[in-house]
Amino acid sequence: MVRYGPLLALVLYFLANPVWSDDSSDTKQVEHDEMKLHTDVLKEYNSDMRPVRDHKSAVTVKVRFALKYLSFDSSEEMVTVHSWVALNWNDAFLTWTPSDYGDINEIQIESHEIWTPGMALFNADATSYNSDSFYTTCLVTNTGKVTCVPHLAHTGICRTTLKRWPYDVQNCTLYFGSWMHTGEQINFTFYNLKPVVLDDFQNGAGWKLLNVVNERLPGKYNLNSTYPMLKYTFMLRREAAGLAAIVVAPSVILVLVTLASLLLDVKDNTRLILLCFSLFGHFTMTSEIGYVVPKLSTDTPIILLLVRDSMIITLTAIFVTMVLMSLRKQVVPAPAWIMTLNRLVSIGPGKYMVFTEFDPSDGAEGKIVSEDPRTEEKSTRSASDWIKFATVLNNLTFVILLFVYIILICTCIPSDK
Ligand SMILES: *[C@@H]1O[C@H](CO)[C@@H](O)[C@H](O)[C@H]1NC(C)=O
Ligand SMILES: *[C@@H]1O[C@H](CO)[C@@H](O)[C@H](O)[C@H]1NC(C)=O
Ligand SMILES: *[C@@H]1O[C@H](CO)[C@@H](O)[C@H](O)[C@H]1NC(C)=O
């Protein structure tokens with residue numbers, strides 16, 4: 001305080017004796033017509049009251065949105081629309097005769113000096129400040145026509161449906177109207193011509209505006225009063241190319257890896273290695289999708305279900321492969337039902353389905369084993385039975401898993417319609 005003492009004294013001195021006060025009497029503003037008009041028009045004006053001469057008549061407010069920009073917040077529950085909102089109404093008290101004021105037929109008045117309609121956003125995000133009133137300069141004509149074009153950002157709540165993510169289309173709706181006045185007091189309507197203008201619109205990050213639909217809800221709830229609302233529905237499509245490259249294509253590739261490894265021979269270790277690699281890839285994919293999918297949504301993106309189910313299938317394939325590997329190493333005689341099954345498959349039409357006869361490795365193995373001494377002939381035959389059985393099972397597994405995958409792919413791959 002001590003340090004600033006002299007400075008404070010100086011400031012106080014100038015406040016008390018402004019330097020420009022000396023010659024203020026000389027430059028006293030000449031009252032020109034615009035100034036006189038401004039003073040006269042606002043002299044007895046009460047900006048709190050609706051500008052009508054008869055309290056039973058309505059102020060009709062015409063609204064036009066010129067959209068500039070639109071964005072979603074990161075959790076994708078809130079949509080923010082930036083727009084120039086043109087509001088137009090008739091003010092019964094802002095009228096004058098132009099000839100009295102040097103033929104001025106329109107003036108600019110600050111919006112806080114006159115009555116303005118409070119246009120509330122009903123589904124606003126209450127955590128962000130959305131004031132019903134606005135501050136701007138308005139244009140007033142001598143007939144009392146007032147036009148204000150405030151630049152406003154409205155943040156509304158919009159529930160997203162992420163089922164077809166990342167190819168989803170969202171409908172976000174904003175409802176506007178008067179918070180407390182009835183339609184018989186303040187009647188919000190659209191401009192007759194072009195109620196929504198998209199000429200200067202810029203798409204926000206990650207979204208493309210497809211269409212805007214505007215509708216006036218009459219809001220007739222009881223006999224005497226209406227509560228009209230202006231409803232704007234924004235149809236937005238996610239810009240999906242990047243997300244498809246990150247998520248959709250790799251998921252499909254993982255599915256193909258699992259299927260391809262099932263085509264490999266059970267004896268081939270590559271099969272197990274590929275399957276384990278695919279399982280690891282599935283884990284990586286789920287965590288990758290977890291990063292980019294907006295969490296806490298009401299419905300699950302189907303691509304997530306695809307990866308989850310494919311992970312389960314891959315795990316099943318690993319188990320089946322291990323079981324088949326151990327079956328092939330069996331030396332105890334095969335039970336009668338296995339031999340019956342093998343015979344049935346090899347004679348029935350099933351042999352074409354499971355391709356038993358076309359597996360060359362079985363024949364080769366059988367030949368090598370048949371060169372062995374006679375004493376082991378019995379165990380050789382049983383080993384060959386087991387191998388046949390394993391082949392049947394393997395082919396059956398492949399067909400079943402292929403079938404499951406076809407169903408899964410048909411239902412769970414989001415497509416860009
Ligand atoms: C969005 O609205 C359009 C037109 O009103 C409709 O055809 C479409 O099904 C809606 N989409 C969603 C996801 O609600
Ligand atoms: C409000 O405006 C609509 C047309 O935009 C009209 O149909 C309705 O009668 C008006 N309501 C009142 C009370 O003036
Ligand atoms: C509607 O107005 C009539 C008179 O015009 C009155 O008798 C009636 O009670 C009012 N109804 C409501 C719901 O305000």
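In each ligand, atom 1 is the first atom listed, and ligand 1 is the first ligand listed. Values below: all heavy atoms of this structure, side chains included; hydrogens, waters and symmetry mates excluded.
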Engineer: Between F389 and W337, what is the ring plane arrangement, given parallel below 30°, perpendicular above 60°, and tilted in between?
Structural biologist: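 Answer is perpendicular, since the angle exceeds 60°.
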
Engineer: Do K194 and D199 meet the salt-bridge criterion of a basic N to acidic O distance under 4.0 Å?
Structural biologist: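 Yes, D199 and K194 are salt-bridged.
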
Engineer: If you count heavy atoms of other groups shown closer than 6.0 angstrom to CG of L263, is the number above 12?
Structural biologist: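 For L263, atom CG is crowded (more than 12 foreign heavy atoms under 6.0 Å).
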
Engineer: Give the atoms of ligand 1, by number and element, whose distance to some non-hydrogen atom of V169 is under 4.0 Å.
Structural biologist: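 Answer for ligand 1: 13 (C).
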
Engineer: Crowded around E239 CD? As in, over 12 foreign heavy atoms under 6.0 Å?
Structural biologist: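 More than 12 within 6.0 Å, yes.
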
Engineer: Could you go through ligand 2 and list every pair where one of its N or O atoms sits under 3.5 Å from a protein N or O, giving the atom names and the distance to one decimal?
Structural biologist:
residue	atom	partner	partner atom	Å
ligand 2	2 (O)	N187	ND2	2.5
ligand 2	11 (N)	N187	ND2	2.7
ligand 2	14 (O)	N187	ND2	3.3

Engineer: When the side chains of residues 274-285 are checked against the rest of the protein, which donor-acceptor pairs come out under 3.5 Å, sequence neighbours left out?
Structural biologist:
residue	atom	partner	partner atom	Å
S278	OG	T258	OG1	2.7
H282	ND1	S278	O	2.6
H282	NE2	S310	OG	2.5
T284	OG1	F280	O	2.9

Engineer: Using a strict 4.0 Å cut-off to heavy atoms of N171, name the atoms of ligand 1 that fall inside it.
Structural biologist: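 Under 4.0 Å from N171, ligand 1 has these atoms: 1 (C), 2 (O), 3 (C), 8 (C), 10 (C), 11 (N), 12 (C), 14 (O).
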
Engineer: Tell me whether the rings of F190 and Y232 are parallel (<30°), tilted (30 to 60°) or perpendicular (>60°).
Structural biologist: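 If you compare the ring of F190 with that of Y232, the planes turn out perpendicular.
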
Engineer: Is K68 positioned over the aromatic face of W84, cation under 6.0 angstrom from the ring centre and no more than 45 degrees off axis?
Structural biologist: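 Flagged: K68 positioned over aromatic ring of W84.
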
